[in-house]
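Here's the structure, in structure tokens; my notes come after.
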Amino acid sequence: MDLSSLLSPDCTRRAVSGSSKKKVLELIGQLAAPRLSGTTSFDVFESLLNRERLGSTGIGLGVAIPHGRLSSANKPVAILMTLAEPIDFDAIDNQPVDIVFALLVPEEEHEQHLQTLAAVAQRLNDKSCTRALREAHDDQELFDLFTENKCG
């Protein structure tokens, strides 16, 4: 799957300061909203928070994949960030999270949503990939590693 169609360099951030899950979700909203016409950062935050209430999107190994559907979205958008300090994300392995990949999709795109989540989870379950992402020196390197699948 070509993840570069979802993720752009301006939505990729390395060593972000995020003191809590809520702060990280708010930051995702701020980054994603300008790419989703008719959607506010609060809309994005609320969608992600509602999904988190169903169960944590922390998949283990220091990785979280928060995601949500938005009725106002006209295309899928992704945000990738590494955190300066790991945070509690209520992950399934109870380990703190320092890699976050957020996915926002139009409400009606159920199948694409599931396929994309599966592809992202597969890539982020690769320990050599997550190691490379953690070692990225800047936003552009982080973007290149992930989208060109060079992190393995």
Side-chain angles (χ1 to χ4, degrees), residues 1-36 39 41 43-70 73 75-105 109 112-152:
M1 171 171 276
D2 179 20
L3 296 173
S4 62
S5 63
L6 297 174
L7 183 65
S8 61
D10 63 324
C11 288
T12 307
R13 297 284 189 276
R14 182 196 157 278
V16 172
S17 293
S19 56
S20 68
K21 181 195 286 195
K22 182 180 176 190
K23 292 286 185 195
V24 169
L25 297 178
E26 287 172 344
L27 180 57
I28 292 167
Q30 293 166 9
L31 289 170
R35 302 191 62 76
L36 297 163
T39 303
S41 58
D43 294 335
V44 174
F45 171 73
E46 192 172 57
S47 174
L48 296 172
L49 194 59
N50 286 338
R51 171 56 189 86
E52 288 298 319
R53 287 183 181 128
L54 299 175
S56 177
T57 57
I59 64 169
L61 301 174
V63 175
I65 308 177
H67 52 279
R69 292 190 179 103
L70 295 162
K75 63 180 180 179
V77 170
I79 307 290
L80 173 64
M81 60 178 68
T82 60
L83 303 178
E85 296 293 327
I87 61 167
D88 179 23
F89 216 89
D90 302 315
I92 59 171
D93 62 358
N94 294 316
Q95 297 300 307
V97 163
D98 65 345
I99 297 175
V100 179
F101 184 96
L103 179 64
L104 299 145
V105 298
E109 291 189 16
Q112 180 184 5
H113 182 84
L114 294 175
Q115 290 174 0
T116 304
L117 285 174
V120 169
Q122 181 178 6
R123 189 163 302 174
L124 294 176
N125 274 323
D126 179 335
K127 289 182 182 179
S128 62
C129 177
T130 54
R131 186 178 324 109
L133 295 175
R134 288 180 175 110
E135 294 171 358
H137 294 95
D138 57 38
D139 296 351
Q140 186 64 48
E141 183 181 4
L142 184 64
F143 173 79
D144 292 342
L145 283 167
F146 192 81
T147 58
E148 296 172 15
N149 199 16
K150 292 182 179 178
C151 58

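This one's a predicted model, so the numbers in the text were calculated from it and none came from an experiment.
- Taking CD1 of I59 as the reference point, atom CD1 of I65 lies at 3.5 Å (rounded to 0.5 Å).
- Minimum heavy-atom separation, A73 to T39: N-OG1, 4.1 Å.
- What you find for D43 and L70 is that their closest heavy atoms are O-CD2, 3.6 Å.
- Residue A32 comes nearest to I79 through the heavy atom pair N-CD1, 3.9 Å, listed as atom of the first residue, atom of the second, then distance.
- In this structure, R69 contributes its side chain and E109 its backbone to no donor-acceptor pair below 3.5 Å.
- A side chain to side chain donor-acceptor pair (under 3.5 Å) check over residues 80-91, counting only residues at least two apart or in different chains, returns the pairs K21-D90.
- With sequence neighbours excluded, the residues forming a side chain to side chain contact (heavy atoms under 4.5 Å, CB included) with S5 are D2, listed by chain and number.
- The side-chain heavy atoms of V105 and T116, taken from C-beta on, include no pair separated by under 4.5 Å.
- In Q140, the CD atom is crowded: over 12 heavy atoms of neighbouring residues, nucleotides or ligands sit closer than 6.0 Å.
- Using a 4.5 Å cut-off on side-chain heavy atoms (C-beta onward), L27 and Q30 make contact.
- Using a 4.0 Å cut-off between charged side-chain N and carboxylate O, D10 and R35 make a salt bridge.
- The CD atom of E26 sits 5.0 Å away from the NZ atom of K23 when rounded to the nearest 0.5 Å.
- In this structure, CG on L49 lies 11.5 Å from CZ on R51, to the nearest 0.5 angstrom.
- With a 4.5 Å cut-off on side-chain heavy atoms, L6 and P76 count as touching.
- Scanning for salt bridge (charged side-chain N to carboxylate O under 4.0 Å, His left out) contacts around D93 gives an empty result, with sequence neighbours left out.
- Annotation for G60 and I92: closest pair N-CG1, 4.1 Å, computed over non-hydrogen atoms.
- C11 contributes atom SG, which lies 9.5 Å from atom CZ of F143 (distance to the nearest 0.5 angstrom).
- The structure places OG of S47 at 10.0 Å from CG of L36, a figure rounded to the nearest 0.5 Å.
- At a cut-off of 3.5 Å, with distance as the only test, a side-chain donor of T57 or E52 sits close to an acceptor on the other residue.
- Side-chain contact between F45 and K22 is present, with at least one heavy-atom pair separated by less than 4.5 Å.
- Using a 4.5 Å cut-off on side-chain heavy atoms (C-beta onward), L61 and N125 make contact.
- In this structure the side chain of L133 reaches within 4.5 angstrom of the side chain of C129, judged on heavy atoms.
- Residues V97 and L83 share a closest heavy-atom pair of O-CD1, 3.5 Å.
- For the residue pair L80 and L7, the shortest heavy atom distance occurs at N-CD1, 3.7 Å.
- F89 has its side chain out of reach of P96: every pair of non-hydrogen atoms, C-beta onward, lies at least 4.5 Å apart.
- H67 is not listed as a side-chain neighbour of L104, based on a closest heavy-atom distance of 4.5 Å or more.
- The structure places CG of D139 at 10.0 Å from CE of M81, a figure rounded to the nearest 0.5 Å.
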